[in-house]
Visitor: 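Provided herewith is a single structure, encoded as structure tokens, for subsequent inquiry.
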Amino acid sequence: MKYDFAAIEPKWQKRWEEAKVYAAADHSDKPKFYGLVEFPYPSGQGLHVGHPRPYTAMDIVTRKKRMDGYNVLFPMGFDAFGLPTENYAIKNHIHPAKVTKDNIKNFTSQLKMLGFGFDWDRVVDTTDPSYYKWTQWIFLQLYKKGLAYKATMPVNWCTSCKCVLANEEVVEGVCERCGAPVVRKEKSQWMLRITQYAQRLIDDLDELDFIERVKIQQRNWIGRSTGAEVTFKSTAGDDIVVFTTRPDTLFGATYMVLSPEHELVKSWLEAGKLHNADEVAAYQKAAASKSDLERTELNKEKTGVCLDGVRGVNPVNGREIPIFISDYVLSTYGTGAIMAVPAHDDRDWEFAKKFGCEIIEVVSGGEDVQKAAFTAKDETGVLVNSDFLNGLTVKDAIPAVTKWLEEQGIGEAKVNYKLRDWVFSRQRYWGEPIPMVYCGKCGWQPLPEDQLPLLLPEVESYEPTDDGESPLSKMTEWVKTTCPRCGGEARRETDTMPQWAGSSWYFLRYMDPHNDTALASKEALDYWSPVDWYNGGMEHTTLHLLYSRFWHKFLYDIGVAPTKEPYQKRTSHGMILGEGGEKMSKSRGNVVNPNDIVAAYGADTLRLYTMFIGDFEQAAVWSDNAVKGCKRFLDKVWNLAESCADSLEHTKANEALLHKTIKKVADDIEAMKFNTAIAAMMTLVGDFQKNGCSKGDMRTLVTLLSPFAPHVAEELWEMLGGAGFVCQQPWPAYDERKTAADTVQMAVQVNGKVRSNIVVPADADNDAIIAAAQADPKVQKFTEGMALARTVVVKGRLVNLIVKPQ
RNA sequence: GCCGGUGUGAUGGAAUUGGUAGACGUAGCGGAUUCAAAAUCCGCCGGGCUAAUCUCCCGUGUGGGUUCGAGUCCCACCACCGGCACCA
């Protein structure tokens, strides 16, 4: 018989489905294991080779867990709201729901074709009303707790998608999705107060088993910095509050800078206090019209205008100092105002040089501050020109001055975060409707929960409008409603939620996907929480991963979720690149379609190859040629199974390696080193070919192989007379004692250089090993006439003789 | 600029975490089988020296260092990739 993957694979997929071997039990005496992969966006192109890599990896992990006796939950679903579907629908005049349905169908069959052990009874679809009912429900809870609010503010506006973007969706000043320029636009938006969770999102990382780069990236994104808020006076009598991380340098503040949007500037202009009002207004206007891209590109040259008519007063010494406006101070961070200390801040220094401001050294220990700012924040700097702070190090001066400011009532310690609140409105059709109603009398009112889900209405056109309104705004009949509070005439919110909404809690829905009275039952949540291991892309670190941690913490706070954190462990895979080492893309024409590989070599070969291609965490380059090696390996296994000896005993010659391999494959799966696990099995097969092998040997091999290549493993298991499914067998036991051979080969070094090899009994003691080494003629060539000064023995590896001339 | 990551044969990558560098796989070369090809099997496959050998010499981005011993640790640099970017 031949290894006929085209017949075998569908056969076993069908049998697995019939026997429901991958269904997770709601109740079980076994320990639970919840393995999760990021659910795909069901695009029209179908699966590409990027998908199988993380899916196969977690499939292997969860299959191994099942064999280890866990009750495993390994679910799959579809994150189906989003722009591509909507754009496709617009172009082809098909309803997005229909497009989504077709795409999901296609994705499902492709995923099944690859033999993943998903529990298909638990599929979720974020666009299904029975699902988004609960997305809307969570929004209402956020609203009720004051964590969702409507605010008019400058937001990121994608000129091509005609839609608002979250900060996280703007990459280098352009839209993450389409690459079009992003501009600032004043809009009234729903916002989520993620900033209220900033500290907890940082702190709780400590308890989690996330790979370090994910933690670092999240911490950096949240961007905590500690310092103080200090109140300056203006000569016009106002308080100007500034934030600084360096309160110790207060005596060196020689001017102030307000962001162009600062409200004090507005009020001074209106009150006619500024003699150069025209110049100031012109600068404000120019700053407002700059896109993010222009802001970042122009960040080399500092610009600004000095306010003529109002000055600031430094509270520590009563000195009057000039006030500027400049767009290097952001209105959205801190208080939108700074004290400038050019001697000890690079940006202030640069600005001071350009505008001729005074530079006063208050921390000694650096070079001449007229030539460059001295910014060290450690013990190297000592305070000078600073009255009561003189002589203190920077480290000591910061708490000292903070305490003093608090006593004087002119300042206090303060923590700031770079993280901004989450802009939650999108002016598009294909998203969850925001369940809010605006009444002229009562203001914004939440929809009563019994009216959920608030269904997306059928519309004629999904086109976004140029005036920045959602397509839903044209649905006058849908928009018109009554106020839940007073019963009067009211309008529905016409913006929809962003793509990230549905994915912020989907892992909870898998625990109890058909529940109609709660997002999931308490029992299911208690049993399955948290996700034990979640693998996904690095690109979601500051988006989905952060958002869903935020939502989950909120659900924990209101008593819905049982754990503080949603995911115990997070790992991340590298991308698969095209053959040239470039990103796969349609325009480059280097996209590999999994269907083609499955047709030519079978799903097992594809699975094996995507795991063998390289280090799982590292990017890897696709190679059509190397796929063949994996197919050959499976062919060899097949041929061995057909020709092996009938005995169920292990062959003596293979025993040591067999036991080593059992251990190695198990350890490597846990460490996600799938490539070396496969290499170890290849080595074992090489030994089987050399030494011959028995049915017993082959059964063990096939069991080890089954998480990686489940179809062929099932077929061979059956062929070798195994009972039941191989995927339901326990992981083979290995015997530590049997992994050791009787004798070992050791390298002999003389002064650190390998000169020979000796074979000694595995249990030989150091003296015996040294004696054997010294007896070796090749070694003697180098030790002759020398005195042995020292020996180093590494059991089972090498012996090093250190000799000196006599 | 700041924060991460990576750098090893022709090539994808291994290396028990300080212990014989190049496992395993591709590609290549030689042989067996075949009328022939495919498939399969066996052997070779970093560089140098050599007629050929020999753990003889060199070799893990570069230059130093620590160590009996360094791909692995330390210091200084170079190149590429990713993230952030006027966050006071």
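Note on naming: letters A, B, ... go to the chains in the order of the sequence lines (proteins, then strands), and numbering restarts at 1 for each one. Reckoned from all heavy atoms, side chains included, excluding hydrogens, waters and symmetry mates.
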Visitor: Taking the P atom of each, how far is A51(B) from U72(B), in whole Å?
Guide: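 About 36 Å, rounded to a whole number of Å.
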Visitor: Looking at C58(B), I'd like to know if its phosphate oxygens (OP1 or OP2) sit under 4.0 Å from a side-chain N or O belonging to K753(A).
Guide: yes
Visitor: Which whole-number value in Å describes the distance from F708(A) CZ to C24(B) P?
Guide: 17 Å
Visitor: Tell me which nucleotide among C24(B), A88(B), U20(B) gets nearest to the side chain of R797(A).
Guide: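 Ranking C24(B), A88(B), U20(B) by closest atom to the R797(A) side chain puts U20(B) first.
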Visitor: To the nearest Å, how far apart are N751(A) CG and C68(B) C1'?
Guide: 8 Å
Visitor: Could you work out the separation of G9(B) and A21(B) based on their C1' atoms and round it to a whole Å?
Guide: 11 Å
Visitor: Paired with C77(B) by Watson-Crick or G-U wobble geometry, both distances under 3.5 Å: which nucleotide is it?
Guide: G61(B)
Visitor: Looking at U17(B), U6(B), G19(B), which one has an atom nearest to any side-chain atom of Q618(A)?
Guide: U6(B)
Visitor: Starting at atom CG of N639(A), determine the distance to atom P of A39(B), rounded to an integer number of angstrom.
Guide: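 For the pair N639(A) CG and A39(B) P, the rounded distance is 14 Å.
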Visitor: Sort out the partner of U72(B) for me: Watson-Crick or G-U wobble, both distances under 3.5 Å, none otherwise.
Guide: none
Visitor: Using whole Å, what does the distance between atom C1' of nucleotide G83(B) and atom CG of L545(A) come to?
Guide: 15 Å
Visitor: When you get a sec, tell me which of G12(B), C41(B), U55(B) is the closest nucleotide to the side chain of N757(A)?
Guide: U55(B)
Visitor: Roughly how far apart, to the nearest Å, are G43(B) and C78(B) at atom P?
Guide: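 That atom pair is separated by 48 Å.
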Visitor: Which whole-number value in Å describes the distance from E350(A) CD to G1(B) P?
Guide: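 Checked: the CD to P distance equals 14 Å.
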Visitor: For G1(B), which nucleotide in any strand shown is its Watson-Crick or wobble partner with both distances under 3.5 Å?
Guide: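 Across all strands, the one nucleotide that pairs with G1(B) is C84(B).
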Visitor: In whole Å, measure the gap between the P atoms of G83(B) and U40(B) for me.
Guide: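 It works out to 42 Å between them.
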Visitor: If the P atom of U20(B) is compared with that of G71(B), how far apart are they to the nearest Å?
Guide: 10 Å
Visitor: Taking G59(B) as the reference, what is the distance to G47(B) when you measure between their P atoms (whole Å, please)?
Guide: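 Here G47(B) and G59(B) have their P atoms 16 Å from each other.
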